[in-house]
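Have a look at the structure below before the remarks.
These numbers come from a predicted model, not from an experiment. Below, chains carry the letters A, B, ... as their sequence lines are ordered, and counting in each starts from 1.
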Amino acid sequence: MSGTGLLQDVRRITVLQGSFHVSDAEDVVLSTVLGSCVSICLFDPAISMGGMNHFLLAEPGEGHEIDPLKQQLYGAFAMEQLINEMLKLGASRSTMRAHIYGGANIHQAMARIGSANARFARRFLEDDGISISLEDTGGSDARRLDLKPATGQVRCKHIATADVPRNALPPMRAVTRTPVGDVELF
Amino acid sequence: MGNITILTVDDSPSMRALLKHALLGQGHEVHVAEDGLCALDWLNRNIPDLVITDINMPNMDGFGLIEALRSQDRYRDMPILVLSTESSDDKKARAREAGATGWIVKPFDPDKLAAAVRRVTH
């Protein structure tokens, strides 16, 4: 996975909060804008396929009720979805490479959230045996992130928070879109 | 239903923690394993009332675990629930053929999980 180059003439897919996308199409670019949220970019050079997720919070706090409708905004679910989809399409933990982006501490009151998100992502990848080849987290800038999944090419542009247009941050995915906890007994 | 002993099998430490948190909150005794092989190792020494397993795991996946358990007399009738981000019909059919009792899609709803646990262990 490399971090250079402008990406033009492409089909751009925005990765919203609580969602993920995996592709090996050469004309696809996965994009998002991050504040305290974190995105993981995965790339497996063995099959020229990559993916990106975008999560809002690391984990439920100690003793917090687990809100099923918000569970997909948590890192554990976002990480598992992305990794499982990569594995399902032929990727391997041993050849995948990860980049971690985001986790900015934009507001004083949110300082813990950005750092906790980045720390969570690092620990999850280490526990999962996936190599982290680049980490660009923390600070107080928002980040505009583009991943070309077929090549692993990444562009991460820092944006001073004051310069982020109000509509630049991708909206939260409608959390009711995914059926939550559907049960089927055989 | 009284409190029961549940083995949860998932390769994600965070998902194990989430699941354990939810099941402990429902009053059950919860044990965790990180893949099918670790689960079999624990199950050679213990017999729970229920196993809840992920599908995509290293070393031994959920399908392999279910087949291995169903090949043993003492686990022939024990309920086994699959808890997975996957929800395709072919994966569900494969789990059913392997001997799974049911399928729950992640992210799980703690109330639906509790109801499913009650139904399969009643």
Side-chain angles (χ1 to χ4, degrees), chain A residues 18 20 22 53 55 57-94 116-117 119-130 173 175-186, chain B residues 10-26 34-35 54-59 61-62 66 79-89 91-120 122:
Chain A
F20 74 102
V22 171
N53 65 8
F55 63 87
L57 297 165
E59 299 171 280
E62 189 73 27
H64 280 196
E65 288 291 316
I66 300 171
D67 181 342
L69 291 179
K70 292 182 179 170
Q71 206 179 126
Q72 59 195 283
L73 299 177
Y74 287 119
F77 181 68
M79 294 301 297
E80 176 148 346
Q81 271 192 317
L82 175 62
I83 293 168
N84 278 356
E85 188 67 12
M86 292 283 292
L87 295 175
K88 196 167 72 179
L89 296 175
S92 158
R93 282 183 171 86
S94 62
N117 284 345
R119 196 164 50 244
F120 169 84
R122 198 178 310 123
R123 194 187 71 222
F124 193 104
L125 290 164
E126 287 168 357
D127 287 344
D128 230 44
I130 296 174
R173 186 170 70 159
V175 292
T176 52
R177 221 172 64 185
T178 301
V180 175
D182 274 0
V183 176
E184 183 177 341
L185 297 181
F186 301 140
Chain B
D10 200 305
D11 58 331
S12 157
S14 300
M15 197 53 69
R16 288 200 298 272
L18 271 176
L19 190 54
K20 185 173 183 178
H21 174 76
L23 293 169
L24 284 175
Q26 294 162 15
E34 63 187 44
D35 60 35
D54 189 16
I55 286 295
N56 297 310
M57 297 179 289
N59 302 321
D61 67 13
I66 296 167
I80 304 174
L81 292 173
V82 171
L83 180 63
S84 172
T85 54
E86 307 242 13
S87 58
S88 67
D89 288 341
K91 290 284 174 67
K92 288 181 183 176
R94 189 173 164 202
R96 187 165 49 235
E97 283 166 19
T101 314
W103 187 288
I104 302 172
V105 179
K106 292 177 188 171
F108 65 87
D109 176 337
D111 292 335
K112 289 182 184 175
L113 176 68
V117 168
R118 269 197 304 275
R119 282 189 62 187
V120 300
H122 190 63

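- Heavy-atom distances place both the backbone and the side chain of B/A100 under 4.5 Å from chain A.
- Residue contact with chain A, scored on non-hydrogen atoms closer than 4.5 Å, is absent for B/I55.
- For B/E86, the part sitting under 4.5 Å from any heavy atom of chain A is the side chain, from C-beta outward, and nothing else.
- With values rounded to the nearest 0.5 angstrom, A/F55 atom CZ is found 9.0 Å from A/F124 atom CZ.
- Only the side chain of B/D54 comes within less than 4.5 Å of a heavy atom of chain A; its backbone N, CA, C and O stay farther away.
- Ion pairing between a basic and an acidic side chain is recognised when a charged N comes within 4.0 Å of a carboxylate O; B/R96 and B/D89 show no such pairing.
- A salt bridge between B/R94 and B/E97 is absent, with no side-chain N of the basic residue lying under 4.0 Å from a carboxylate O of the acidic one.
- Side chains of A/N53 and A/Q81: no donor on one and acceptor on the other come within 3.5 Å.
- Looking at B/V120, only its side chain comes within 4.5 Å of chain A, counting heavy atoms on both sides.
- The residues B/D11 and B/R16 are annotated as not salt-bridged, no charged nitrogen and carboxylate oxygen being separated by less than 4.0 angstrom.
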